[in-house]
Amino acid sequence: MGSHRRLAPSGFNRGAGAALCVLSAAAAALGAVPASAAPGDTRAEVDRLYQQAEKATEAYDKADERAGALRREVHDSQDRIARQQQRVNTMREALGSLAGAQYRSGGIDPTVALLFSDDPEQYLDRASLLDRIDVRRAGQLDELQAALRELAQERAEAVGKLAELERSRRAVASHKAVVERKLAKARHLLNTMPAADRAAFEHASRGDARASLPDLAGAVPPDGRAAAAIAAARSALGKPYVWGASGPSGFDCSGLMQWSYAQAGLHLPRTSQEQRYAGHQVPLSQAQPGDLVVYRSDASHVGMYVGNGQVIHAPYPGAPVRYDPVGMMPVSSVTRP
């Protein structure tokens, strides 16, 4: 880990190349770049827009995850309501049958019925049975009332969840619109760059992630789970950055971490902000292969440490999953899942 001290921090501006998968939900208005802006200024603005888009991507991921959870909760509630309604219907039918049987047995005053009975002893046996039926019916009525209260509560909760789901859907759509605006603006600015500068920028962004593999000799994962997660992340090298995606054909930064650890049997939260706390934090100087390296003060970008001062991560739109130096951006924390 001594190599960390030799890595000079650099932003995405580092020769058109380091990674920016950064972010949290900013819907700030798009800044305009003057037509006469120098290539360096344009590139800096593209960097800024990518950062803002990635912030909105993390917010989108969180909102989309919540919407998915709510959809499952609503589905489960609807199933429970259907089962409870069937139970109520069955109880009503049973009570109706009981009442009909009691009526057919004679609904006259018990004393009068005893006086006119041909067999008083048989009548007393029947009366005792009716008493037991009354007790049973009273119990069933109580049970029915409790079931009706439970059904009403389930329905009220389902209405609340449906309303929350609708709010979550609107949040997803809002964050998606922010991301798309930022990325469209970035693409427009890239198209205004001189051809040579744009070609250099795109070459740095889209280079083959496997072309220059770092020396990872001696970088041994601490356990089998970390080894499996690293193997999964390496299998994703070269796959495209796709905002809001968690594999297997494309990834955003936190989606790559979640997918890689899922292959190792561990579920991580969806966003980089949540992944920051998905384990215990260690100093960067003590990072081990498999640790999550979280960047920037807002924890808006995340990569996986693989040893010898390198991380695997999904950098930003247009760039594939690749290796980069751990010091490519300011490190805010290191988490060991």
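Numbers for residues simply follow the sequence, beginning at 1.
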Worksheet item: Any chain of hydrophobic side-chain contacts (each under 4.5 Å) joining Ile81 to Val159?
Response: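 Per the 4.5 Å side-chain linkage, Ile81 and Val159 are not co-clustered.
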Can you find a pair of side-chain heavy atoms, one from [X] and one from [Y], that are under 4.5 Å apart?
X	Y	result
Met304	His313	no
His301	Arg296	no
Leu256	Val321	yes
Gln86	Thr90	yes
Asp61	Ser254	yes
Pro337	Leu268	yes
Leu237	Tyr323	yes

For the backbone of [Y] and the side chain of [X], can you confirm whether one donor and one acceptor N or O come within less than 3.5 Å of each other?
X	Y	answer
Thr192	Leu189	yes
Thr335	Arg276	yes
Gln281	Ser333	no
Asp291	Gln288	yes

For the [atom1] atom of [X] and the [atom2] atom of [Y], what is their distance to the nearest 0.5 Å?
X	Y	atom1	atom2	answer
Cys253	Tyr295	SG	OH	11.0 Å
Ser332	Leu284	OG	CG	10.5 Å
Ile312	Ile230	CD1	CD1	7.5 Å

Practice prompt. Scan for ring pair (Phe, Tyr, Trp, His ring centres under 6.0 Å) pairs involving residues 258-294, sequence neighbours excluded, and state none if there are none.
Written response: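 As it turns out, the ring pair (Phe, Tyr, Trp, His ring centres under 6.0 Å) pairs with a partner in residues 258-294, which skip direct neighbours, are Phe251-Trp259.
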Which atom of [X] lies closest to which atom of [Y], heavy atoms considered:
X	Y	answer
Pro289	Pro221	CB-CA, 3.9 Å
Ala299	Ser272	O-OG, 2.6 Å
Ala226	Gly290	CB-CA, 4.3 Å
Gln275	Pro269	NE2-O, 2.9 Å
Val326	Val311	CG2-CG1, 3.8 Å
Ala228	Ala264	CB-CB, 3.7 Å

Practice prompt. Would you check if there is a donor-acceptor pair between the side chains of Glu58 and Thr271 at a distance under 3.5 Å?
Written response: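 Side-chain D/A pair, Thr271 to Glu58: absent.
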Worksheet entry | Pairing of Asp252 and Arg270 as salt bridge, 4.0 angstrom limit |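 Salt bridge between Asp252 and Arg270, a charged N being under 4.0 Å from a carboxylate O: yes.
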Fill in: Steps toward side chain to side chain donor-acceptor pair (under 3.5 Å) verdict (Gln78, Arg155)
CA-CA 8 Å; Gln78 290 170 337; Arg155 284 176 170 160; over 6 Å; no
